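Each chain gets a letter, A, B and so on, in the order its sequence line appears, and its residues count up from 1. Values in this document were obtained by computation on a predicted structure and should not be read as measured data.
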Amino acid sequence: MGSYNLPKGITGSELLNNTETGLKAKAAKRGDVSDVVLAIEVDGKLVDLASPIDHDANISFVIGSSMEGRSVLRHSTAHVMAQTVRDLWPGAKYAIGPATEDGFYYDFELPGGDHFTDADLDRIEKRMSEIIKEDQPFAREEHNLAEGAKLFADQQYKLEIIQAVGEEESAADLSQDQVGVNNDPVVSVYRNAGDHSDFIDLCRGPHVPSTGYLGNFKLLKVAGSYWRGDENRQQLQRIYGTAFESPDALTEYLKRLEEAEKRDHRKLGAELDLFHFPHEIGGGLPVFHPKGALIRTMLEDFSRQVHLNSGYLPVWTPHVTKSTLYAKSGHLEWYSDNMYPPMEMEGAEYRLKPMNCPMHILVYSSRSRSYRELPMRLFELGTVYRFERSGVLHGLARVRGLTQDDAHIFCTPDQLHGELEALVAFVLEVLTTFGFDDFEAELSTRPEKFVGEISDWDLATNALASALSAANIPYRVAEGEGAFYAPKIDIHLTDAIGRRWQVSTLQVDLQMPARFGLYYVGDDNERHRPYMVHRALFGSVERFMAMLIEHYAGAFPLWLAPVQVLVVPVAESHHDYSDEVLLRLKEVGLRADIYPAEEPLGARIRKGKLEKIPYILVVGDEDVDSRTVGVNRRGSSKPERGVLLDDFVEEALSVVSEGHAGGGTAVKIGRQRLI
RNA sequence: GCCUGGGUAGCUCAGUGGUAGAGCAGCGCACUUGUAAUGCGCAGGUCGUGGGUUCAAUCCCCACCCCAGGCUCCA
């Protein structure tokens, strides 16, 4: 790394062996390239080790275990996979095959409409291993567009890409890497020659020097995909795989996949008897069983409590409305793809509610509002229905009927900044309650399809950005990803096994207040337009539950656990005492159940543990005499015998209240006119 | 919607061109238990739905329904 005075035209490989730099190439040991140099970065640009460096440059070496290194070896592995598919299905067309965050994929079209099946993955893997064993070099060539087109004459997707490169070039912006000596646009190709085949692929690179650097890979699944992601174009078949720098890293990743599968909320939802999706009702519409509903209830109670404590006012609005409401709000024009179709009733057309905002606006506009009432924060656990295409449904994480912890804040322009800042703090306080501490935000700006004035959009977007800066949370900007009526902030968090989830969202909206002619009377006795902030912290209760189930792996903290304590009498002779214990627990508000002595003790303990119940209390002769219980704490393998019942109750109650201290933040609120 | 895989008992799954099996769960009886599966018995199925081929279909063919993964990462 660093700047070197380099002989003209030296390559990365030569540099590695150049004693002056003190760097050496490590021999690529098959099976582990963790600290083997795979490519180099020249002035910040990744290139092959074999590329000549013809100017003074800042060089860094990219090793297998780095982010860039993994990406290079995954991309190279994707090439080997394409080569294999070409070998096994002569005439196969290959489209694109990039590295992804966790692996790689390649899109293909097989001749004669043939399709891959899962069983093909084994065959392909085997052949790939052979190519890797042959240690074929990745040889880079550059060709002008006409030559390139000739090389890929039978590859329509590659031809299309070459054509796109040509168009880019003519559209000015001549970038260094795609321009040859005569300023002709060029494309680069990589050639792998081996015993089985001579394979070329159109590719910007870089690649590992030869296939021998690869080997720790696994093909994971076959999927469909559209050429260029456009559902109106050719459907291709995609093979997903992953590759790592060492066998250990690969194994660890595969273990993580397994762990994620074990935590799948749909699986745990069935095992723990929380909810299901009856066919009789239809896709994306869950029913919650008693234990699932208890968890929901706890979440919703918590949400109500923190909102009421934080100056929100409850409202309640219906699930259906005349279509005209959504015509006025603009939803019919901009959002109807996601709305259930209309129903006719008594000559009027009705719709299921896809968003709560227009209804909350009607609460605001039910009478004239004074500036003294602002900010006004209207809160509702509002159930909405959205039509999602069948293929995108995913357990509780993506449903067609959902309940949002939704609120709309109406405020004066002066209050906007303070409201947003307080809001971001409120969001983080609520999410922290569930043990999350790694947050990241995304600021989505004006989309192509939008309503309103650009100046309003800019104002709203800036207000959001400054709230994020004030809250000091890292964020990135997603250009054009905003809702049709407002820019938004999405808060993402990382769960217990490192996965990111999008939860909270907040939007600054200047359009709805205008569409509905909202106003407040200021201290100047004039009418002014309020700003409106849409926000949901959980996002949807269903999705939040899905995330919590996976985050906790089904082992909910005490305050959320549907059954908090299971009382297990050793024998029938202890039933009187265990009933007494149960009664006491219920009296103090703990959710407790009893498992009478109709099966052996070990079996009953086991069932309680499989249910992930936080406390299992075993009571026997000793306990009856001394008013004690034997406490089994979830996660601990040894029980604690002889704990005074009173002491246990005290412990449990304090753990419950610590679990969700969340009292909310007392904040300034507009004066409420109660009479 | 489209591609791939799947649909057999409440759950997890086995199975065959001659209309079905296991384990767990459920129910009954016995066992009376101090920390992760007591024993015996019983019951439970329109083999997703409809059509076709066949003497005969859960199995083979066709259509449909439902479930899962993917269709965001762009040489």
Side-chain angles (χ1 to χ4, degrees), chain A residues 71 74-75 78-79 94-110 113 115-121 148 152 155 157-165 168 177-178 187-190 201-205 220-240 261 264 266-267 270-271 273 276-280 282-283 389-395 478 481 568-575 596-610 616-623 629-632 636-642:
Chain A
S71 165
R74 284 166 182 167
H75 189 197
H79 267 236
Y94 41 111
I96 56 166
T100 64
E101 201 176 312
D102 289 317
F104 62 87
Y105 65 81
Y106 214 118
D107 286 347
F108 301 98
E109 183 186 341
L110 295 184
H115 293 290
F116 296 118
T117 67
D118 289 347
D120 291 326
L121 295 185
F152 294 99
Q155 290 290 336
Y157 301 106
K158 297 297 176 187
L159 287 176
E160 205 174 302
I161 292 162
I162 292 171
Q163 201 183 342
V165 169
E168 258 171 52
D177 58 309
Q178 283 167 338
V187 292
S188 51
V189 307
Y190 283 80
D201 195 1
L202 182 69
C203 179
R204 184 152 48 196
L220 298 172
K221 56 200 165 198
V222 180
S225 69
Y226 296 97
W227 171 233
R228 298 258 183 214
D230 181 346
E231 66 182 6
N232 298 313
R233 305 196 63 175
Q234 180 64 41
Q235 169 120 35
L236 305 172
Q237 273 213 302
R238 175 171 296 181
I239 299 180
Y240 280 96
E261 208 172 305
D264 190 315
R266 294 164 302 178
K267 193 172 131 103
E271 277 172 15
D273 195 17
H276 85 288
F277 291 84
H279 294 162
E280 293 86 341
R389 297 200 293 175
S390 61
V392 306
L393 299 175
H394 181 85
E481 298 286 310
V568 182
V570 172
E572 260 173 39
S573 57
H574 311 117
H575 279 183
E598 54 205 18
E599 280 180 276
L601 183 65
R604 289 178 287 147
I605 301 265
R606 178 167 189 272
K607 281 175 188 163
K609 299 223 172 194
L610 288 177
I616 299 171
L617 302 186
V618 175
V619 295
D621 286 337
E622 297 168 19
D623 299 297
V629 291
V631 181
N632 295 266
S636 154
S637 55
K638 346 179 233 315
E640 184 183 347
R641 297 275 293 270

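- Annotation: B:U46 and B:C42 have their C1' atoms spaced 23 Å apart (nearest Å).
- In this entry the distance linking CZ of A:Arg641 with P of B:G34 reads 10 Å, nearest Å.
- Summarising the geometry, the separation between CD on A:Glu261 and P on B:A68 is reported as 14 Å, rounded to the nearest angstrom.
- Taking every side-chain heavy atom of A:Ile96 into account, B:C74 is the closest of B:C74, B:U32, B:U35.
- Contacts of A:Phe108 classified as ring pair (Phe, Tyr, Trp, His ring centres under 6.0 Å), with partners at least two apart in sequence or in another chain: A:Tyr106, A:Phe116.
- Counting non-hydrogen atoms under 4.0 angstrom, A:Ser637 reaches nothing in the nucleic acid.
- Atom P of B:C11 sits at a distance of 15 Å from the matching atom of B:U49, rounded to the whole Å.
- In this structure, a donor-acceptor pair under 3.5 Å is present between the side chains of A:Trp227 and A:Glu160.
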Base, backbone or nothing for each nucleotide of nucleotides 38-46 of chain B, written B, S, -, heavy atoms under 4.0 angstrom, 5' to 3'? B--------
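- Here B:C74 presents its P atom at 11 Å from NE2 of A:His75, a figure rounded to the nearest Å.
- Residue contacts for A:Arg228: at a heavy-atom cut-off of 4.0 Å it reaches a base atom on one of the strands shown.
- Map A:Ala223 and A:Asp621 each onto its nearest nucleotide of RNA chain B; the residue landing nearer the 5' end is A:Asp621.
- For the C1' atoms, the distance linking B:C27 with B:G10 amounts to 13 Å, nearest Å.
- Of the candidates B:G34, B:A25, B:U35, the closest approach to any side-chain atom of A:Lys607 belongs to B:A25.
- For B:C67 and B:G28, the P atoms lie 35 Å apart once the distance is rounded to whole Å.
- Side-chain proximity of A:Leu601 to B:U33, B:C71, B:A25: nearest is B:U33.
- As a whole-Å value, the separation of A:Asp273 CG from B:A25 C1' is 12 Å.
- Not counting sequence neighbours, the partners of A:His575 by the side-chain contact (heavy atoms from CB on, under 4.5 Å) test are A:Pro569, A:Glu572, A:Ser578, A:Pro596, A:Ala597.
- The NE2-C1' distance, from A:His394 to B:G69, rounds to 10 Å in whole Å.
- Among the heavy atoms of the strands lying under 4.0 Å from A:Gly283 are primed sugar atoms or P, OP1, OP2 only; no base atom is included.
- Here, B:U19 and B:G23 have their C1' atoms 24 Å apart, quoted to the whole Å.
- The structure places CG of A:Leu236 at 10.5 Å from OH of A:Tyr226, a figure rounded to the nearest 0.5 Å.
- Rounded to whole Å, the separation between the P atoms of B:C62 and B:C3 comes to 14 Å.
- Nearest to the side chain of A:Val222, among B:G34, B:U4, B:A36, sits B:U4.
- Taking atom P on both B:G7 and B:U12, the two are 12 Å apart, rounded to the nearest angstrom.
- Residue A:Cys203 places its side chain closer to B:A75 than to any other of B:A68, B:A75, B:G34.
- Contacts of A:Lys609 with the nucleic acid, taken as non-hydrogen atoms under 4.0 Å apart, include base atoms.
- Between A:Arg389 atom CZ and B:G70 atom C1' the separation is 13 Å, expressed in whole Å.
- Residues A:Ile239 and A:Leu121 have side chains in contact (heavy-atom distance under 4.5 Å, counting atoms from C-beta outward).
- Nucleic acid contact class of A:Gln237 (heavy atoms, under 4.0 Å, all strands): sugar-phosphate only.
- Separating the CG atom of A:Leu393 from the C1' atom of B:G70 is a distance of 14 Å, rounded to the nearest angstrom.
- The ring pair (Phe, Tyr, Trp, His ring centres under 6.0 Å) test applied to A:Tyr190 returns A:His207, not counting sequence neighbours.
- Put simply, CG on A:Leu202 and CZ on A:Phe152 are 5.0 Å apart, with the number rounded to the nearest 0.5 Å.
- Nearest nucleotide to the side chain of A:Ser225, out of B:C71, B:A75, B:U33: B:C71.
- Shown for residues 99-109 of chain A: residues whose heavy atoms fall under 4.0 angstrom of RNA chain B, namely A:Ala99, A:Thr100, A:Glu101.
- Put simply, CZ on A:Arg606 is 17 Å from C1' on B:U33, counting in whole angstrom units.
- No contact: A:Phe277 has no heavy atom under 4.0 Å from any strand.
- Nucleic acid contact for A:Asp201: none, since no nucleic acid atom lies under 4.0 Å from a heavy atom of the residue.
- Only the C1' atoms considered, B:C59 is 15 Å distant from B:G52, to the nearest whole Å.
- In RNA chain B, the stems built from three or more successive Watson-Crick or G-U pairs (distances below 3.5 Å) are B:1-7 with B:65-71, B:10-13 with B:21-24, B:26-30 with B:38-42, B:48-52 with B:60-64.
- Side-chain atoms of A:Tyr226 stay outside donor-acceptor range of the base of B:G70, with no qualifying N/O pair under 3.5 Å.
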